[in-house]
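One structure is given here, and the rest of the page talks about it.
These numbers were taken from a predicted model, which means no experiment stands behind them.
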Amino acid sequence: MTSLADEARLVLDNFADRTTSIFQPTLRLGVTGLSRAGKTVFITALVHNLLSGGRLPLFKAQAGGRILGADLREQPDDAVPRFQYEDHVRRIVEERVWPESTRAISELRLTVAYESAELWRRVLPGGRLTIDIVDYPGEWLLDLPLIDKDFATFSAEAIERARLPSRAAEAGPFLEKLSGIDLAAPADEVTARDLSAAFAAYLKACRADKAALSTLPPGRFLMPGDLDGSPALTFAPLPVESGRTYPKGSMAAHLARRYEAYKTVVVKPFFRNHFARLDRQILLVDALQAINAGPEAVADLETALTDILACFRPGRSTWLGSFLTRRIDRILVAATKADHLHRESHRRLEAIVRRLVDEAIGRAKFSGAKTEVLAIAAVRATREATVSDGGEDLPVIVGTPAEGETIGERRFDGKTETAVFPGDLPEDPRRLFDPVDGVAAGSLRFVRFRPPRLQQTAEGLTLSLPHIRLDRALEFLLGDRLQ
C-alpha cells in the first residue's frame, strides 16, 4: 500500500512519537465508522464520563476508585482541528439534540491520572496516561485500497457497482451521462465537472436512508471539506481499457491524471499522518440502518466493513520493535444504538455484526491483535418496559422519537415519549442476507430517538450520561494501560 520512501518516513515519524512517549506514556486511539454510526457521540460520552466520574461499573480502574482525575490538554498536532467536545456535550445535555456527524478528521487529548492496581507500586507516585483520540470518517478508509489500484481498475469496479440492480435508481443519471462520453476526445472542463458532480450525487443518494449502502469510494466525494471543487476531486470513473494508453490531453487521460492526484494529495497523507500512527482502534457499526433498508444494504455493509478492517495494521509489537513499526494491538467492533432494541436482542445484534466482520476479525487475531465485538449505546436514549398486547407481554423500549420519524402512518413530533416495539432480530444472522426467505420487509423498524433528559440526585446533582456497555468498551480499549 506504500512505497519504500513512505515506509521510511513512517519509521521516522513513529520513532519521534515513541521517544516522546518514554517520558509521557501516550496511547493513540482511533475512532471511526461509516456515516451516522455514532463516532461523535461515542467520543463525547467517553470524555464526559471520564471527566465527571460517570457510572462505569465494568471499567475496573474507575470502579475500583483508582482514577484520580482526568482533564483535557492541548493536543499535539496544531494542524488538525480540535474535536469540539464542549459544543457536542452541550447539544446532547442541554438541547437534547445529537451533534452533527463527523465530516473531517479531528483530535482531542485527554490525560488520566490513576493509582496502580499493584499494591507494591502504590508507594510510588500515581501514574498518568495521555490518550490522543483521533476521530475520522470511516468513508476515508475505503479510499486506502485505491493506493494500489490504477484508474482502469478503479473505474471497472466503480461502474460494475453502479450497474447493480440495488443501485439502479441512484446510478441512473450518472450512467446516462457516462454513456455520452468520448474517451479520446479533447478534455473539456465543463464535461469533467458535470460528470464528477453526477458521480458524487449518485454516491450521496446511495448513502441516504432509503438505500443505506456503504461501499461508496472515493470517500471525499461524500465529505469533500476544504477540497470541494478542487481538481483532485473533479473526476469520475470511465469505461477505459486496462493497459491501453489514451492520447495526452484526452478526457480519459485527463481524469486518470486527476485520479492519481487524488491518491497523492488526499489518500496518502491521511494514511501517513494519521492512520498509520494509531495504537488502538474502535470501529462503530450502525447495523440497524442497513437492516431497515433490506438484504442488499446488509450485504453491502459487510463488503464495506471487510474493506475497512483490511486497511488496519493489526499485530503485537515488542517494546523495541514498536519504535520502528506501529501496530494496532486491539480492535473493538461496536454495534451502536443498542438502546434502540430491548436487551433481549442485544446478543443477536452482536451475532449479526460478528457475522459481518468474521473473516476480517479472524485475520486480525491471526496477526496477534486482540479483538472484541460489543453491542453498545454510548448515550442511552431509551429505557425498557413491558406492555400487554392481546394478552401477550411485549418487551418495548420507551423514549422520545426524533421529530419527523415515522412508524406506519404515525409521524412523531419530537416531544412525545412513546413505547416502541421494534421487532425481534433473527436468531440466525444469515436470514438478513436472504432476499427471498429472509426477514420480511417491514417486520423490523428502528426509529431515531432524541437524547435523554439527564436524571438528578435527591441533592440536585445532575448524573452523567447513561450508556449501555460503554464501561466494557473502555475496559477493553484502556484497561490494561491503567494497571
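- Contact between Tyr202 and Ala162 at its shortest, heavy atoms only, is OH-CA, 3.4 Å.
- Thr336 OG1 to Leu288 CG: the interatomic distance, rounded to the nearest 0.5 Å, is 7.0 Å.
- A donor-acceptor pair shorter than 3.5 Å can be found between the side chains of Asp150 and Thr153.
- Closest non-hydrogen pair, Thr264 versus Pro269, comes out as O-CD, 3.2 Å.
- For the pair Arg258 and Phe151, the cation-pi test (distance below 6.0 Å, angle within 45°) is failed.
- Here the CG atom belonging to Asp148 is positioned 15.0 Å from the CZ atom belonging to Phe154, to the nearest 0.5 angstrom.
- Contact record, Leu238 with Ile159: C-CD1, 3.6 Å, taken as the closest heavy-atom pair.
- In this structure, the separation between OG1 on Thr400 and CZ on Phe449 is 8.5 Å, given to the nearest 0.5 Å.
- Put simply, SG on Cys206 and CZ on Arg161 are 10.0 Å apart, with the number rounded to the nearest 0.5 Å.
- The CZ atom of Arg348 sits 9.0 Å away from the CD1 atom of Ile352 when rounded to the nearest 0.5 Å.
- Using a 4.0 Å cut-off between a side-chain N of Lys or Arg and a carboxylate O of Asp or Glu, Arg167 and Glu296 do not qualify as a salt bridge.
- Both tests pass for Arg220 against the ring of Trp140: distance under 6.0 Å to the centre and angle within 45° of the axis.
- Using a cutoff of 4.0 Å between basic side-chain nitrogens and carboxylate oxygens, Arg355 and Glu302 are scored as salt-bridged.
- Salt bridge Asp339/Arg380: absent, no basic N to carboxylate O contact under 4.0 Å.
- Side-chain contact check for Leu233 versus Asp228: every heavy-atom pair is 4.5 Å or farther apart.
- Here the CG-CD1 distance, from Leu349 to Ile291, works out to 6.5 Å after rounding to the nearest 0.5 Å.
- Residues Arg36 and Asp209 share a closest heavy-atom pair of NH1-OD1, 2.5 Å.
- Not counting sequence neighbours, the partners of His88 by the side-chain contact (heavy atoms from CB on, under 4.5 Å) test are Thr40, Thr44, Phe83, Gln84, Pro99.
- A salt bridge links Glu95 with Arg90: the closest approach of a Lys/Arg side-chain nitrogen to an acidic carboxylate oxygen falls below 4.0 angstrom.
- For the residue pair Tyr262/Asp143, the side-chain donor-acceptor check at 3.5 Å is satisfied.
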- For side chain to side chain contact (heavy atoms under 4.5 Å, CB included), just list the numbers for Arg410 and Thr406, CA-CA rounded to whole Å, side-chain angles, deciding distance to a tenth of an Å, and then say yes or no. CA-CA 5 Å; Arg410 185 174 182 183; Thr406 60; over 6 Å; no
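- For the residue pair Arg469 and His346, a side-chain donor N or O sits within less than 3.5 Å of a side-chain acceptor on the partner.
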